[in-house]
Amino acid sequence: MPFERFVQTGRIAKASAGPLKGRLVAIVDVIDQNRVLVDGPLTGVPRQEYRLNNLHLTKYRIKFPFTAPTRIVRKAWTESDLKAQWKVSPWSVKAQNICKRSSLNDFDRFKLRYAKRQRNKLLTIAFNTLKKRTKADGTPRVLKKDRRERLRAEKAKGGKKAAAKK
């Protein structure tokens with residue numbers, strides 16, 4: 001599978017180190033093979049050079065001319081509705097969940113652990129009942145309990161029929 005994310009003008013990247021960590025920036029120009037000129041007009045990032053080692057390229061790209069000024073980058077950014085696209089991306093959702101998880105206090109972590117334990121008990125019970133009721137080849141297995149219930153139901157129906165005949 002060929003590469004899909006290239007270092008190019010208009011590519012949106014996420015800063016991974018320094019004071020810009022976690023912010024989205026747009027690549028405006030490539031300075032050399034190690035550095036690029038970035039700008040983030042709507043994320044509070046001033047135009048500056050940034051190392052490629054500290055950038056994670058995203059799948060998003062906006063169209064603007066080579067070495068465009070900040071106002072043109074801002075216009076292209078708003079027209080592409082990048083903020084909304086980023087909010088629903090799995091990468092952003094995962095980052096938000098990590099942030100939420102890191103802000104939990106001790107009691108919240110305890111409640112989370114307790115809730116997970118309760119959920120897992122329910123899942124284990126459901127799984128074991130399905131496992132018990134299914135043969136290895138996937139066909140349903142008839143248990144003694146099921147036979148007894150079916151016989152009781154038939155007796156109840158038969159008893160009612162006999163009473164109706166009299």
Side-chain angles (χ1 to χ4, degrees), residues 1-138 140-141:
M1 179 124 201
F3 293 111
E4 294 177 357
R5 299 176 185 178
F6 299 108
V7 177
Q8 58 192 359
T9 301
R11 177 67 61 188
I12 303 298
K14 185 175 179 184
S16 65
L20 302 181
K21 184 176 182 177
R23 296 191 184 182
L24 291 179
V25 296
I27 297 176
V28 178
D29 191 10
V30 178
I31 299 171
D32 60 27
Q33 69 180 33
N34 296 319
R35 298 175 300 151
V36 291
L37 184 65
V38 297
D39 196 1
L42 298 179
T43 57
V45 179
R47 182 175 285 228
Q48 60 187 289
E49 76 172 47
Y50 207 74
R51 290 186 48 178
L52 280 172
N53 291 352
N54 298 335
L55 285 179
H56 294 298
L57 301 176
T58 66
K59 65 180 181 180
Y60 304 109
R61 182 169 183 235
I62 54 179
K63 299 281 186 182
F64 56 82
F66 178 67
T67 65
T70 302
R71 64 183 169 79
I72 293 178
V73 175
R74 182 182 298 116
K75 183 180 175 193
W77 195 301
T78 54
E79 285 175 357
S80 68
D81 196 28
L82 190 68
K83 191 172 186 176
Q85 291 176 21
W86 176 252
K87 283 278 187 202
V88 298
S89 71
W91 191 349
S92 172
V93 171
K94 184 176 180 181
Q96 289 169 359
N97 288 340
I98 289 171
C99 185
K100 239 187 269 182
R101 180 68 62 92
S102 67
S103 67
L104 294 178
N105 62 23
D106 187 42
F107 186 58
D108 290 335
R109 284 191 296 274
F110 168 76
K111 289 191 293 186
L112 178 67
R113 191 171 62 245
Y114 188 78
K116 279 185 171 183
R117 194 179 303 149
Q118 296 302 318
R119 181 200 62 197
N120 288 339
K121 280 183 184 178
L122 292 173
L123 286 173
T124 302
I125 291 168
F127 174 76
N128 286 337
T129 55
L130 287 173
K131 186 177 174 185
K132 192 188 301 182
R133 293 185 168 275
T134 308
K135 293 180 183 176
D137 62 351
R141 175 181 287 151

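Between Ser89 and Tyr60 the shortest side-chain heavy-atom distance falls below 4.5 Å. Counting heavy atoms from C-beta outward, Leu42 and Arg74 have side chains that approach closer than 4.5 Å. In this structure, Arg71 and Lys75 have side chains that are not in contact, with every pair of non-hydrogen atoms separated by 4.5 Å or more.
In this structure, the separation between OG1 on Thr67 and CG on Leu37 is 8.5 Å, given to the nearest 0.5 Å. Note that CZ of Arg119 and OG1 of Thr124 are 10.0 Å apart. Values are rounded to the nearest 0.5 Å. Rounding to the nearest 0.5 angstrom, the gap separating the OG1 atom in Thr58 from the CZ atom in Arg5 is 6.5 Å. Between atom CD of residue Gln85 and atom OG of residue Ser92 there is a gap of 12.0 Å, rounded to the nearest 0.5 Å. Ile12 CD1 to Ile62 CD1: the interatomic distance, rounded to the nearest 0.5 Å, is 4.0 Å. Taking CZ of Arg61 as the reference point, atom CD of Glu4 lies at 14.0 Å (rounded to 0.5 Å).
Sequence neighbours left out, the pairs with a member in residues 85-106 that pass ring pair (Phe, Tyr, Trp, His ring centres under 6.0 Å) are Trp86-Trp91.
Heavy-atom minimum distance, Gly44 versus Arg23: O-NH1, 3.0 Å. Nearest approach of Pro46 to Asp39, heavy atoms of both residues: C-OD1, 4.1 Å.
Heavy-atom contacts from other residues, nucleotides or ligands closer than 6.0 Å to CZ of Phe107 number 12 or fewer. In this structure, Gln33 places its CD atom where only 12 or fewer heavy-atom neighbours from other residues, nucleotides or ligands lie under 6.0 Å away. In this structure, Arg101 places its CZ atom where only 12 or fewer heavy-atom neighbours from other residues, nucleotides or ligands lie under 6.0 Å away.
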>> Could you go through Val28 and Arg47, starting from their C-alpha distance and side-chain angles, then the distance that decides it, and tell me whether this counts as side-chain contact (heavy atoms from CB on, under 4.5 Å)?
In response: CA-CA 9 Å; Val28 178; Arg47 182 175 285 228; 3.6 Å; yes
